[in-house]
Amino acid sequence: MANNNNHIIGKLWSACTTMMSDAGTTGALQYIQQFSWLLFLKVYEEIENNKRKEAEFEGKKYIDNIESPYRWSEWTDKKKNLTGDELMKFINNDEFELPDEKKIRGLFSYLRNLRNKSNATKTQFVIAEIFRNSENLMKDGYYLREVIDKIGSINFFSNEDAYAVSAIYEGLFNKMKASDIKPLAEFFTPRPVTEFIAEMCDLKIGDTIYDPCNGPSGFLVAAYNQLKGKVKGASDYEKLHEKTLYGKELKPMPFVLGMMSMILNGIESPNIKQGNTLATSLFSLTDADRY
């Protein structure tokens, strides 16, 4: 597992060197912000592909949360040669004109408006919230194309741990630290610490778990991994995924990372809110706010 994660981190670090040449991504904060939405779209398509296969095996139909032509594999397809100014227009503009002169929403516009669909799913609401708080920071469509191709070459599902966001970011932060690029330590607790604390808590199905300074959801993911092996039946599954894990985060970037991390680790509708925990009066708490 570790070797595969090192391989992934190496490719992402190579993408960092490309970002260094772009006027919009000049430091650790920008690298992480840019990686976040790109990694999310890449990995989430792989998750949806797996869900589709499972549904087909059960004789059911799976409806994508991110539809064509906004699925990662479609707009990043090298055969379409979407690069340079056209790539930037597709990502950033409210409208984009296809080669057949048909106009569609731009990528970010589409993702931010998923919540407005008449039959929007909970996951689509979450995706819309993620992209409401995200932006494309890169300024040069050719450099961006290079970064996309490097991320596109990674197989995040070659083993069960390869797409654990916390592991990937941990390795990336270590690379930054070794290269004198200031990492985002304030947002991140190393995985061995979160896993140890979750283990010592001896968690049980039915517990409610809250991280008031959630960051990229490292503690909640560790708690989820401790609990998912204890699930016995549909009732336990529902409790774990919908009524167990809660968080709050003040800053937009770690809030987005936390939402993404939860989704990519199997929790499709995270109970994470954006706000200042310290601004909440303890005397005004309701039973729903207690954990």
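Worth knowing before you read on, the calculation uses all heavy atoms, side chains too, and leaves out hydrogens, waters and symmetry mates. We're numbering straight along the sequence, starting at 1.
A 4.5 Å side-chain heavy-atom check between M259 and V126 finds at least one atom pair inside the cut-off.
Separating the OG1 atom in T208 from the CZ atom in R290 is a distance of 11.5 Å, to the nearest 0.5 Å. In this structure, L114 CG and S109 OG are separated by 10.0 Å, a value rounded to the nearest 0.5 Å. Atoms CG and OG1, from D149 and T18 in turn, are 10.0 Å apart once rounded to the nearest 0.5 Å. Residue I267 holds its CD1 atom at 11.5 Å from CD of E242, rounded to the nearest 0.5 Å. Here the CG atom belonging to L82 is positioned 6.5 Å from the CZ atom belonging to F90, to the nearest 0.5 angstrom.
Listed by chain and number, the residues in a salt bridge (Lys or Arg N to Asp or Glu O under 4.0 Å) with E74 are R71 (sequence neighbours excluded). Scanning for side chain to side chain contact (heavy atoms under 4.5 Å, CB included) contacts around T121 gives N65, T123, Q124, with sequence neighbours left out. Listed by chain and number, the residues in a side chain to side chain contact (heavy atoms under 4.5 Å, CB included) with L98 are F96, D100, K102, I104 (sequence neighbours excluded).
Linking ILVMFWY side-chain heavy atoms closer than 4.5 Å, directly or via other members, places M262 and I197 in two distinct hydrophobic clusters. In this structure, Y210 is not a member of the same hydrophobic cluster as L240, with clusters built from ILVMFWY side-chain heavy atoms closer than 4.5 Å. With hydrophobic clusters built from ILVMFWY side chains whose heavy atoms lie under 4.5 angstrom apart, L137 does not share a cluster with M88. Hydrophobic cluster membership differs between Y31 and Y142, with clusters built from Ile, Leu, Val, Met, Phe, Trp and Tyr side chains linked at under 4.5 angstrom.
Of the possible polar contacts, one joining the T76 side chain to the W72 backbone as a donor-acceptor pair under 3.5 Å is found. With K230 contributing its side chain and D236 its backbone, the two residues share no donor-acceptor pair below 3.5 Å.
Heavy atoms from other residues, nucleotides or ligands lying under 6.0 Å from NZ of K243 number 12 at most. Atom CG of D94 has 12 or fewer neighbouring heavy atoms from other residues, nucleotides or ligands inside a 6.0 Å radius. In the displayed structure, K117 atom NZ is contacted under 6.0 Å by more than 12 heavy atoms of other residues, nucleotides or ligands. Counting heavy-atom neighbours within 6.0 Å of Y237 OH, excluding the residue itself, gives a total of 12 or less. Around atom NZ of K11, more than 12 heavy atoms belonging to other residues, nucleotides or ligands sit under 6.0 Å away.
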| CA sep, side-chain torsions, deciding dist, call: F40, F131, side chain to side chain contact (heavy atoms under 4.5 Å, CB included) | CA-CA 10 Å; F40 176 81; F131 281 87; 3.8 Å; yes
| field | Test log, rule side chain to side chain contact (heavy atoms under 4.5 Å, CB included), inputs L227 and I209 | value | CA-CA 11 Å; L227 285 168; I209 300 151; 3.8 Å; yes
| task | Evaluate side chain to side chain contact (heavy atoms under 4.5 Å, CB included) for N133 paired with Q274, printing each intermediate quantity in order. | result | CA-CA 10 Å; N133 288 278; Q274 188 171 3; 3.4 Å; yes
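Paired with S73 under the rule side-chain hydrogen bond (donor to acceptor under 3.5 Å, both in side chains), one option of E45, K42, E46 passes, and it is E45.
With hydrogens and angles left out, the side-chain atoms of Y62 and E54 include no donor and acceptor closer than 3.5 Å.
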